[in-house]
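What you see is a predicted model, and the numbers here were worked out from it, not measured in a lab. Heavy-atom basis, side chains included; hydrogens, waters and symmetry copies ignored. Note on naming: letters A, B, ... go to the chains in the order of the sequence lines (proteins, then strands), and numbering restarts at 1 for each one.
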Number of protein chains: 2
Amino acid sequence: MAAPSARSRRRADAERSIARIVSAARTLLSSDPNATTDDIAQAAGVGRMTLYGHFRTRADLVEAALTDALRTGEETLSSIDLTGDAGDAMTRLLASSWALVAESAALLAAAEGVLPEGRVRDMHAEPARRMAELIRRGQEQGAFRTDLPTTWLVSLVQYILHGAAAEVRAGRLPSDEAAYVVTRSVQSVLTG
Amino acid sequence: MAAPSARSRRRADAERSIARIVSAARTLLSSDPNATTDDIAQAAGVGRMTLYGHFRTRADLVEAALTDALRTGEETLSSIDLTGDAGDAMTRLLASSWALVAESAALLAAAEGVLPEGRVRDMHAEPARRMAELIRRGQEQGAFRTDLPTTWLVSLVQYILHGAAAEVRAGRLPSDEAAYVVTRSVQSVLTG
DNA sequence: ACTAACTCGTACGTTCATGTACGAGCTTTT
DNA sequence: AAAAGCTCGTACATGAACGTACGAGTTAGT
């Protein structure tokens, strides 16, 4: 939700501070979901008071960080070609999704712990819609199974992605094998 | 780890208190992973001080509750027939595992947040070993795929179970469909 | 019954991050 | 250059759990 004009009463230096804070929040929270406002302000090279001048609560900040991550992600995902064979399209979508999920897993955990129930899911409406649509198209093509609810298949793909991220983090799955493993797993779960 | 003789200097009423506390902890933590020691003592019908007399820290208590849940679970799981066709055996194992996972998901989350890194996984050594062995047997039978690491397949089954539990909790998957959905999903992920 | 163990209330001390209040001094903007 | 907006330190208030200390009363074991 970049609002260049809606709230353009902000001065240029404020704009800069906000950007640095959000960026620092993304970075820090992506490695430690429990990073404090103090940590984040410090990493942003900004006083804690400045931070509170722009974000009333820690939750606000976490949400802003997640929003930013999602916006960035959308830039990548929205440019993927999802036409043609659904299986191939899924492979392409997964390759990009995997990187994004792995990168922001901890940030997501932070948001889940601080934002109101369901908010995080709502924020993922766009990527979820994209995935659901591709799966549905695959089902119509006869490439994907239809014996399980589409909703469940969408969720399942998410769980596989997050699971793989967790395995990599824990050192039980080499990160260079992850994309392959994710792709094969998702394909078999979608084709039945 | 029931130690009937190792520490039998405990009086009968103490034994009783401990049992009630652990039981209350299991129940409460299974619905709210953030239940406080106060909540638990109250639910156990015991003073908070009594609780602290038996468990030095909250972490100790959570661990005891999880240990108890796992012990109970083992009683069920160890009696399952895992011989014969690996696919069928897996179906039987999943049916029981599903119920256990769904029931204690929140307790698990509590433990994950409070116990040292890796402890929760270590405590699951026995069920993990059982699952791994069955998968390996299925691979030898030619029933299960061998193109993905067995370790990953074991983890993946866990993620599917926990994912389904989350979907049910969120009301996105009717609980009476869950077992079916889990079984089909796991089977297709294991057969490739 | 006598001793040791257990219960449990009240009260306190601790910790830690969150968020607020105030105000002096810098930047932008116009 | 003047006004408005921003920065940011210090200091404080808050709140939530955790965990400790003390001590009087109760219950079990032998």
Rounded to the nearest angstrom, tell me the gap between atom CZ in A:F55 and atom P in D:dC6. 13 Å
Hey, what do you get for CG (B:D68) to CD1 (B:I18), rounding to the nearest 0.5 Å? 12.0 Å
Which of B:V186, B:V101, B:T183 passes side-chain contact (heavy atoms from CB on, under 4.5 Å) with B:I160? It is B:V186
Using a cut-off of strictly less than 4.0 Å, decide whether A:S17 has a side-chain nitrogen or oxygen near OP1 or OP2 of D:dT7. yes
So, A:R130 and A:E74, do they make that salt bridge, N to O below 4.0 Å? yes
Between C:dT29 atom C1' and A:R10 atom CZ, what is the distance in whole Å? 16 Å
Just one of B:R10, B:R11, B:R16 clears the salt bridge (Lys or Arg N to Asp or Glu O under 4.0 Å) bar with B:D13, so which one? B:R11
Check whether any side-chain N or O of B:R56 sits under 4.0 Å from OP1 or OP2 of D:dC18, and answer yes or no. no
Are any of the side-chain nitrogens in B:E140 or B:R136 under 4.0 Å away from the carboxylate oxygens of its partner? no
Map A:D13 and B:R58 onto DNA chain D by nearest heavy atom, then report which one ends up closer to the 5' terminus. A:D13
Within the side chain of B:S188, is there an N or O that forms a donor-acceptor pair under 3.5 Å with the backbone of B:S185? yes
All N/O contacts under 3.5 Å from nucleotides 23-25 of chain C to the protein, with atom names and distances to one decimal?
none

The helix from C:dA1-D:dT30 to C:dT30-D:dA1: angle between terminal helix axes, five bp per end, to the nearest 10 degrees, reads 30°
Between CD1 of A:I18 and P of D:dG5 the distance, given in whole Å, is 15 Å
Given 3.5 Å as the limit, does a donor-acceptor pair link the side chain of A:R92 with the main chain of A:I80, or not? no
Looking at B:E126 and B:R129, does any basic side-chain N land under 4.0 Å from a carboxylate oxygen? yes
Between D:dT20 (C1') and B:L51 (CG): distance, integer Å: 14 Å
On DNA chain D, does the nearest nucleotide to B:Y52 precede the nearest nucleotide to B:A12 from the 5' side, or the other way round? Give the residue. B:Y52
Taking 4.0 Å as the cut-off, does a side-chain nitrogen or oxygen of A:R16 come that near to OP1 or OP2 on C:dT28? yes
Roughly, in whole Å, what's the span from CG in A:D38 to C1' in C:dT18? 11 Å
For the pair made of CG in B:L61 and P in D:dA17, what is the distance, rounded to whole Å? 15 Å
From CD of A:Q42 over to P of C:dA17, roughly how many Å is that when rounded to an integer? 12 Å
Within the structure, does a side-chain N or O atom of A:T36 lie under 4.0 Å from either OP1 or OP2 of C:dA17? no
If the cut-off is 4.0 Å, is A:T50 near the phosphate of D:dC6, judged by side-chain N/O to OP1 or OP2? no
Rounded to the nearest Å, what distance is computed from the CZ atom of residue B:R48 to the P atom of nucleotide C:dG9? 11 Å
Nearest 0.5 Å please: distance from the OG atom of B:S17 over to the NE2 atom of B:H54. 5.0 Å
Polar side-chain contact A:R11-C:dT27 base: donor and acceptor under 3.5 Å: yes
Does any non-hydrogen side-chain atom of B:V181 lie less than 4.5 Å from one of B:E167? no
Output yes when at least one side-chain N/O atom of B:H54 is less than 4.0 Å from OP1 or OP2 of C:dC6, else no. no
